[in-house]
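Next up is a structure, given as structure tokens.
Below, read A as the first sequence line, B as the second, and so on, with proteins coming before strands; counting in each chain starts at 1. Hydrogens, waters and symmetry mates play no part in the numbers below; they use all other heavy atoms, side chains included.
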Number of protein chains: 2
Amino acid sequence: MATRTDAPTRREQILKEAARLFAERGFHGVGVDEIGAAVGISGPGLYRHFAGKDAMLAELLVGISEQLLTGAKRRLAEADGAVGRGSGGGAAPEATGRPAGGTGRRPTGRDPEAVLDSLIEGHIDFALDDRPLITLHDRELDRLRDSDRKRVRQLQRQYVELWVSVLREVYPGLAEPAARSAVHSVFGLLNSTPHLGRPGSSPGRASTAELLHRMARGAFGAAATG
Amino acid sequence: MATRTDAPTRREQILKEAARLFAERGFHGVGVDEIGAAVGISGPGLYRHFAGKDAMLAELLVGISEQLLTGAKRRLAEADGAVGRGSGGGAAPEATGRPAGGTGRRPTGRDPEAVLDSLIEGHIDFALDDRPLITLHDRELDRLRDSDRKRVRQLQRQYVELWVSVLREVYPGLAEPAARSAVHSVFGLLNSTPHLGRPGSSPGRASTAELLHRMARGAFGAAATG
DNA sequence: CAGGGAGGTTAGCGGTCGTTAACCTGGAGG
DNA sequence: CCTCCAGGTTAACGACCGCTAACCTCCCTG
């Protein structure tokens, strides 16, 4: 139930193109005819797959939020299992002032630093691989029906709170409001990928990911240096 | 010619409300009737002040870009005059690994650290005081006529390059592409203010500004730690 | 006290857009 | 071979939206 391996179905094709177009020109700036044309069919043919334009946006935003949250939960559980391992072998910068041995109650993870690195790595992967979705994520939320918007906001809040709790395990001195602000700000930092020149630009994907990772850790560390 | 002190004219009133509405619901999501209603007049009365809806957006975006750039230039010149002073007495975190005495050619500023802090401070002030404009700035650029878009992009690029050159004075080891990416990412961090809960929320304005400042410096420092 | 322009108003036109209706078609299943 | 349905097509409707036209009304000025 985690990752699909089938051939891309029509629905998915439509969603992908719709995401790209919405990100480029905004929800109201894209017509259904354009979305249809992007997948080879024209105009109202889309209504065989979706109830309407709103439904496409809703499915996109809910899907993004769920994907982010479940990915984060999975990484947290993985790091909980393999203690001390960085899971993907990604960039794990030096510890930024590890606190002594303060054994405050820690919800799940064993090595908070590794969990935080894993969360950052996951978010960066998402931001680099699905730039249109990242763009939509905090831009077109208000165009949703109330029920969908509530659901998305709930998922987003869970995601943020997960980061906040992990962050406060790494930096116990960080107050909760400050931690929440810091998390939102680091999301802003990581979600800047759409402004970083198209994929294949100046620096490669790997070095961009490393740079973002270092900066995120640096920002968190500075936030904790009250 | 820098800051206005007159009473807010009708044009400015309209621009302010239009910015708020555009930021909330997107350019295409707002009708001229709503903008008119927001300032007490209704519908086509706006056309006594603006050539059209596009003209409002254009004036907003060009104005933002000019304000950011001229503000940055002014701060750079001020710091050039008063050596060693942080100009506004704002938060100036500890030097994050000041390089030895590498006297590489420095375009203008005398104390690069102070200039960088001043740039950060200015951007934070703008991001905190004009959230709708910050939102519009990187969201509705593509809705402009070609000439206006070109102008805005040119101003934005100058602004970025100014940051890049100052940043590379502080961290001479930082390669230019990495510096540019770092600057864009820190903009993403600083521009996260719209997500930080409405003004008057948990932490006060001053502490939020300090937090953002520390995080920006921390992110830059980490970017330079290659 | 004319008069004229700045700054409104309402009515309405033309175009666009989301959505529905009605129809068509190729291929799988009995 | 007939049937039927998934997945298309085009035509068209109704709503909305940006903008213009025509008109009105203070208020300032000579």
Side-chain angles (χ1 to χ4, degrees), chain A residues 4 6-62 136 139-149, chain B residues 4 6-62 136 139-149:
Chain A
R4 295 281 314 282
D6 315 352
T9 167
R10 212 21 143 1
R11 273 182 70 91
E12 293 167 327
Q13 205 182 137
I14 294 172
L15 283 176
K16 183 182 168 187
E17 294 301 316
R20 184 178 55 81
L21 289 168
F22 289 160
E24 281 175 6
R25 301 212 284 282
F27 179 67
H28 293 294
V30 181
V32 290
D33 292 0
E34 302 178 69
I35 303 174
V39 297
I41 73 184
S42 238
L46 296 171
Y47 286 76
R48 299 286 165 192
H49 304 274
F50 293 94
K53 203 178 140 190
D54 301 344
M56 300 181 207
L57 181 65
E59 191 156 327
L60 281 172
L61 291 185
V62 172
L136 285 183
R139 186 169 299 193
E140 308 283 358
L141 185 65
D142 308 315
R143 260 57 92 195
L144 258 50
R145 286 190 2 259
D146 281 22
S147 60
D148 293 322
R149 188 172 56 247
Chain B
R4 296 281 312 282
D6 315 351
T9 168
R10 209 30 158 335
R11 273 183 71 91
E12 293 167 326
Q13 204 181 140
I14 294 171
L15 284 176
K16 183 182 169 188
E17 294 302 315
R20 184 179 56 81
L21 289 168
F22 289 161
E24 281 175 7
R25 300 212 285 281
F27 179 67
H28 292 294
V30 181
V32 290
D33 292 0
E34 302 179 70
I35 303 174
V39 297
I41 72 183
S42 239
L46 296 170
Y47 288 76
R48 298 286 166 191
H49 305 274
F50 293 94
K53 203 178 137 189
D54 302 345
M56 301 182 207
L57 182 65
E59 191 156 327
L60 280 172
L61 291 184
V62 172
L136 284 182
R139 187 170 297 193
E140 307 285 357
L141 185 64
D142 308 315
R143 261 57 91 196
L144 257 52
R145 285 189 5 258
D146 281 24
S147 60
D148 292 322
R149 189 172 56 248

Inset, instruction - Would you kindly give the NZ-to-P distance between B/Lys53 and C/dG15, to the nearest whole Å? - result: 19 Å

Inset, instruction - Please confirm whether the backbone N or O of B/His49 pairs with a side-chain atom of B/Arg11, one donor and one acceptor, at under 3.5 Å? - result: yes

Inset, instruction - Find the distance between CD (B/Glu24) and CG (A/Asp142) and round it off to the nearest 0.5 Å. - result: 8.0 Å

Inset, instruction - Starting at atom OH of A/Tyr47, determine the distance to atom P of C/dC23, rounded to an integer number of angstrom. - result: 21 Å

Inset, instruction - Would you give the length of the straight line joining atom CG of B/Asp148 to atom CG of B/Leu57, rounded to the nearest 0.5 angstrom? - result: 9.0 Å

Inset, instruction - Take the protein atom CZ of B/Phe22 and the nucleotide atom C1' of D/dG18, then report the distance between them rounded to whole Å. - result: 12 Å

Inset, instruction - Starting at CD of B/Gln13, measure out to CD of B/Glu17 and round the result to the nearest 0.5 Å. - result: 7.0 Å

Inset, instruction - Check salt bridge (Lys or Arg N to Asp or Glu O under 4.0 Å) between A/Arg143 and all other residues, then give those that pass, not counting sequence neighbours. - result: A/Glu140

Legend entry - Duplex segments of DNA chain C, taken as runs of at least three Watson-Crick or G-U pairs that stay under 3.5 Å: C:1-30 with D:1-30

Legend entry - Interatomic distance, B/Met56 CE vs D/dC17 P [rounded to whole Å]: 14 Å

Inset, instruction - Could you check how far NE2 of A/His28 sits from C1' of D/dG18, rounded to whole Å? - result: 16 Å

Inset, instruction - Locate the shortest heavy-atom distance separating A/Ala38 from A/Leu21; write the atom from each residue and the value. - result: CB-CD1, 4.2 Å

Inset, instruction - Without swapping roles, check the side chain of B/Arg139 against the backbone of B/Phe22 for a donor-acceptor pair under 3.5 Å. - result: no

Inset, instruction - Answer with base, sugar-phosphate or nothing: what part of the nucleic acid does B/Val39 contact at a heavy-atom distance below 4.0 Å? - result: nothing

Legend entry - Atom pair distance, as rounded to whole Å: CZ in B/Phe50 and P in C/dG7: 12 Å

Inset, instruction - Working to the nearest 0.5 Å, report the span between NZ of A/Lys53 and CD1 of A/Ile35. - result: 6.5 Å

Between the protein and nucleotides 4-11 of chain D, which nitrogen or oxygen pairs are less than 3.5 angstrom apart?
{"unit_1": "D/dG8", "atom_1": "OP1", "unit_2": "A/Arg10", "atom_2": "NH1", "d": "2.3"}
{"unit_1": "D/dG8", "atom_1": "OP2", "unit_2": "A/His49", "atom_2": "NE2", "d": "2.7"}
{"unit_1": "D/dG8", "atom_1": "N7", "unit_2": "A/Arg48", "atom_2": "NE", "d": "3.0"}
{"unit_1": "D/dG8", "atom_1": "O6", "unit_2": "A/Arg48", "atom_2": "NH2", "d": "2.3"}
{"unit_1": "D/dT9", "atom_1": "OP1", "unit_2": "A/Ser42", "atom_2": "N", "d": "3.4"}
{"unit_1": "D/dT9", "atom_1": "OP2", "unit_2": "A/Ser42", "atom_2": "N", "d": "3.1"}
{"unit_1": "D/dT9", "atom_1": "OP2", "unit_2": "A/Ser42", "atom_2": "O", "d": "3.3"}

Legend entry - Atom of B/Leu46, atom of B/Val32 and distance for their closest heavy-atom approach: CD1-O, 3.4 Å

Legend entry - Rounded distance in Å - CG (B/Asp54) to C1' (D/dC17): 13 Å

Inset, instruction - Check the distance between C/dG15's P and A/Asp33's CG and give it to me in whole angstrom. - result: 17 Å

